[in-house]
Amino acid sequence: MGADERYARFLRERREEILGRIAEAAARAGRDSDEIEAIAVSKTVGPDEVLLARRAGWRLFGENRPQELGRKLEALGQLPEMADARFDMIGNLQKNKINQVIGRVALIHSISSAHLAEAVSSRSAQRGLVSNVLLEVNVSGEASKSGFAPDELRACVEGVVSLPGIRVLGLMTMAPAGSADAARRTFSGLRELAEELRARTGLALGTLSCGMSDDFQIAVEEGSTLVRLGRCVFDQGYALS
Ligand SMILES: *Cc1c(COP(=O)(O)O)cnc(C)c1O
């Protein structure tokens, strides 16, 4: 068996393990696992690996740099096998890169300020687009993390959700690394904030993007509807817990 075949087999087997873990975590929380989607974060691999991952069953992909997103779309966009694949932007978005992203991704997870929301709104409206977005919240309050502070979002949410050119589908967060308890508090905090903002805005805000390789099972227990998985999908050296 060649290296490509071995890697393809790893991708298939690992995907089954991951989907099994998601189903188990959903069952522990009394949730229907159909309401949880998983994104394969392809930022560290090339187009060839993305194609192998598509063949292994992954359909949703996440990228964190506009230039790399463009490279992947150029290499893969015309392939029939990728016709129903979807790419999301999950990383920090600089204002001068917005035009490289809107219209090319299904969802922007990382709207981290009112300023950025306004910029994506106006660029999208100019082009006659409506961009699906999530508002990134710094639930844990770590200085190193981007996103709205919860109070800041409470103060501006009505204005943000009424902007033209964007459709706010929910919230996104990243948990502190290394502590299961802190991760759990972060994810439950995101869910509670979404409930509060749902009541306030009347929007469904049904998408909660949270959970990565190290903490996605906790995220599913706490209400995540969209987990973003990089290392555990693509890295053969990553041991799934
Ligand atoms: C890289 C990345 C992920 C995936 O992280 P892993 O720990 O590799 O699963 C998820 N979300 C964002 C925003 C990322 O940048």
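For reference, positions follow the sequence shown, starting with 1. Atoms within a ligand are numbered from 1 in the order they appear, just like the ligands themselves. Since we're looking at a predicted model, the values are computed, not measured.
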Which atoms from ligand 1 have a heavy atom of [X] less than 4.0 Å away?
X: Leu229; value: 9 (O)
X: Gly230; value: 4 (C), 6 (P), 8 (O), 9 (O)
X: Met212; value: 3 (C), 5 (O), 7 (O), 9 (O), 10 (C), 11 (N)
X: Arg231; value: 6 (P), 7 (O), 8 (O), 9 (O)

Any heavy-atom pair between the side chains of [Y] and [X] that's under 4.5 Å?
X: Gln217; Y: Arg28; answer: yes
X: Phe216; Y: Leu240; answer: yes
X: Lys145; Y: Glu136; answer: no

Ile90: heavy atom below 4.0 Å from ligand 1, yes or no? yes
Closest non-hydrogen atom pair, Arg21 against Ser241: NE-O, 2.9 Å
For Cys232, is at least one N or O under 3.5 Å away from an N or O on ligand 1? no
Checking the N or O distance criterion of under 3.5 Å, is ligand 1 in contact with Ser213? yes
Which residue supplies the protein heavy atom nearest to atom 11 (N) of ligand 1, what is that atom called, and how far is it? Arg228 NE, 2.9 Å
If you scan protein heavy atoms around atom 15 (O) of ligand 1, the nearest is Lys43 NZ, 2.7 Å
So does Arg185 get a backbone contact from the side chain of Ser188, meaning a donor-acceptor N/O pair under 3.5 Å? yes
Report the part of Met174 (side chain from C-beta onward, or backbone N, CA, C, O) that has a heavy atom under 4.0 Å from ligand 1; answer both or neither where that applies. side chain
salt_bridge(Glu68, Lys43) N-O dist < 4.0 Å: no
Arg65, CZ: over 12 other non-hydrogen atoms inside 6.0 angstrom: no
